[in-house]
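Notes for the one structure printed next.
The figures that follow rest on heavy atoms only: side chains count, while hydrogens, waters and symmetry mates do not. Treat the numbers as computed from the prediction; the structure is a model and nothing was measured.
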Number of protein chains: 2
Amino acid sequence: MGDERRKFTRESAAQRKEALIRATLSLIAEKGVRGATVRGIAERAEVTQGLIRHYFSSKEELVTAAFDYHMTQMTDLTFAPAAEVEGSAADRLRVFVQSSLTPPVVDPRSIALWAGFLNKVQHDAQMKETHARTYIDFRDRLQELIRAALEEAGIPARPERLYQLATACNALIDGLWMEGGALPEAFAPGELSQIGLDAVGAIIGLNFEAASAPRRGAQR
Amino acid sequence: MGDERRKFTRESAAQRKEALIRATLSLIAEKGVRGATVRGIAERAEVTQGLIRHYFSSKEELVTAAFDYHMTQMTDLTFAPAAEVEGSAADRLRVFVQSSLTPPVVDPRSIALWAGFLNKVQHDAQMKETHARTYIDFRDRLQELIRAALEEAGIPARPERLYQLATACNALIDGLWMEGGALPEAFAPGELSQIGLDAVGAIIGLNFEAASAPRRGAQR
DNA sequence: CTGTTAGTTATGCAAGTGTATAATTATTGA
DNA sequence: TCAATAATTATACACTTGCATAACTAACAG
């Protein structure tokens, strides 16, 4: 009886690091960066706290790694669906807007992570740079989708106007994303992406709803 | 020589409470709720930590009070300018969008506070209720402004459509607000409200830019 | 001028924090 | 089978945290 030393199995560095990062993200989403304590992270990853020091030289480094991991994952999640679309440019834009405004991108956890990291982003130069780069990358890709869709429709736009359209659509999507994540019960499934599609269409002056794939009780 | 007991002056309960709340908000904006320690708040308010206990029975209570204070202040800041406008409905809507998208509403500190509070909002029932109420209030007021502007222009909209327009415009404003606060250096002064105005006009189908008060190098 | 009191400071405590380091043990190669 | 070693656990430490409580004093009533 009594205290027995804890059993353990060795894992590869990559696996352990990822497990620690996932545990970190999970805790940051719940309690913020300061609430994600080294002991809490270790417990959630089912290791003891000393192990964290073995893979990350400080909590700071672990948090930074977790931020990079999360940003990469979110970017992939958002862009992958549109990249697979083979149809028209309008189709790609539509799929992009939809995947940005449905789970798992829209999710309370995802917005909690965004909020949890914001303080660090505002103070840490490296994280600030990653954040700005991700934002610009997102907006540029959206701008390219808009450009292609307008050109395809025979109403090309000048670069300055394209920039404004992309900024507005980006803000619209971010705002809907934020509200869907912060007030999940306030929106019916599909409502966000429906509103988002209509509004993006209105902003860029293109009704791509009726176009190809009909949705929501196709008339006629 | 050496340690002398600290001098102090008595203040009214209202003043001290407000000073403590302001110090709390200032620290939450910088370091989040957990980073805003009782000692740090006391130092910033230039009192000793014991005094906090005298006015608030726990840190939790102080944070909740600070949240209410902040939400009220933000709401006032946002709606006051539009309420003073005497002109057309389109004018009121325009002023509302502009005041929502310029300082002091758009501000890194303001978004840091939003992010700092989010975790508590998601977990604390009372704060969640305040948050949801503020959101709905904001959107309802925006919806009324849109309704009046459309009616004035002779293109009234049905309630269901109004709801969608207001939700989209609300998200657009929130998104621009968020981006302006999170990436201040990415936008020129006035750029956000210009983009916001154009996009709101496009969404609701009303060019209220040319209408009454001409802006930005008035033509003709 | 003086006693009272509530506003304020000072001090203490138990629990939690990140980090450092020593002690073990699972795994591997010969 | 067995030594070597890197992965993992266990322990310790100085510091911070929220909260409790005792000590003091500015302001005010009489």
Side-chain angles (χ1 to χ4, degrees), chain A residues 1-24 27-28 30-67 116 119-120 123-124, chain B residues 1-28 30-67 116 119-120 123-124:
Chain A
M1 71 210 84
D3 312 336
E4 290 168 2
R5 193 183 177 90
R6 177 173 182 153
K7 294 290 189 296
F8 64 93
T9 56
R10 297 187 176 187
E11 305 273 347
S12 76
Q15 280 180 329
R16 270 280 135 86
K17 280 195 170 192
E18 178 163 351
L20 288 172
I21 284 174
R22 295 173 80 93
T24 303
L27 267 172
I28 289 179
E30 282 178 30
K31 309 182 187 181
V33 170
R34 293 193 195 232
T37 68
V38 170
R39 284 167 180 80
I41 293 167
E43 184 183 12
R44 191 153 298 192
E46 295 181 312
V47 296
T48 53
Q49 51 162 328
L51 191 59
I52 290 179
R53 262 284 279 178
H54 190 259
Y55 287 108
F56 301 92
S57 68
S58 67
K59 178 186 171 180
E60 179 84 9
E61 191 181 307
L62 171 56
V63 170
T64 302
F67 180 66
N119 269 282
K120 300 231 92 176
H123 291 81
D124 180 302
Chain B
M1 69 210 82
D3 312 337
E4 290 170 0
R5 192 180 180 91
R6 177 174 181 153
K7 295 292 188 298
F8 64 93
T9 56
R10 298 187 176 186
E11 305 272 347
S12 76
Q15 280 180 328
R16 269 280 133 86
K17 279 196 170 189
E18 178 162 351
L20 288 172
I21 285 174
R22 294 173 80 93
T24 304
L25 289 173
S26 145
L27 267 172
I28 290 178
E30 281 177 31
K31 312 182 185 180
V33 171
R34 291 192 195 235
T37 68
V38 170
R39 284 169 180 78
I41 293 167
E43 185 183 10
R44 191 152 299 192
E46 296 181 310
V47 296
T48 53
Q49 53 163 326
L51 191 59
I52 291 179
R53 259 288 274 177
H54 190 259
Y55 287 107
F56 300 93
S57 69
S58 68
K59 178 185 171 181
E60 179 84 8
E61 192 181 305
L62 170 56
V63 169
T64 302
F67 180 66
N119 269 280
K120 299 234 92 175
H123 291 82
D124 179 304

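Side-chain atoms of B:Arg39 stay outside donor-acceptor range of the base of D:dT16, with no qualifying N/O pair under 3.5 Å.
Regarding contacts with the backbone of C:dT9, a side-chain N or O of B:Arg6 is found under 4.0 angstrom from either OP1 or OP2. Under 4.0 angstrom from either OP1 or OP2 of D:dT8 there lies at least one side-chain N or O belonging to A:Tyr55. For D:dA7, one of the phosphate oxygens OP1 or OP2 lies less than 4.0 angstrom from a side-chain nitrogen or oxygen of A:His54.
Taking atom CD of residue A:Glu11 and atom P of nucleotide C:dT27, one finds them 9 Å apart after rounding to whole Å. As rounded to whole Å, 10 Å separates atom P of C:dT19 from atom CG of A:Leu62. If you take NZ of A:Lys31 and P of C:dG16, they are 11 Å apart, rounded to a whole angstrom. With rounding to whole Å, B:Arg53 atom CZ is found 13 Å from D:dG18 atom P.
Note on A:Arg22 versus A:Glu18: salt bridge recorded, some NZ/NE/NH1/NH2 to OD/OE distance being below 4.0 Å. Taking the charged nitrogens against the carboxylate oxygens, A:Glu30 and A:Arg44 do have a contact shorter than 4.0 Å, which makes a salt bridge.
Base engagement by B:Thr48 is indicated by at least one non-hydrogen atom pair under 4.0 Å involving a base atom.
Within a heavy-atom distance below 4.0 Å of DNA chain D, no residue of residues 13-22 of chain B is found.
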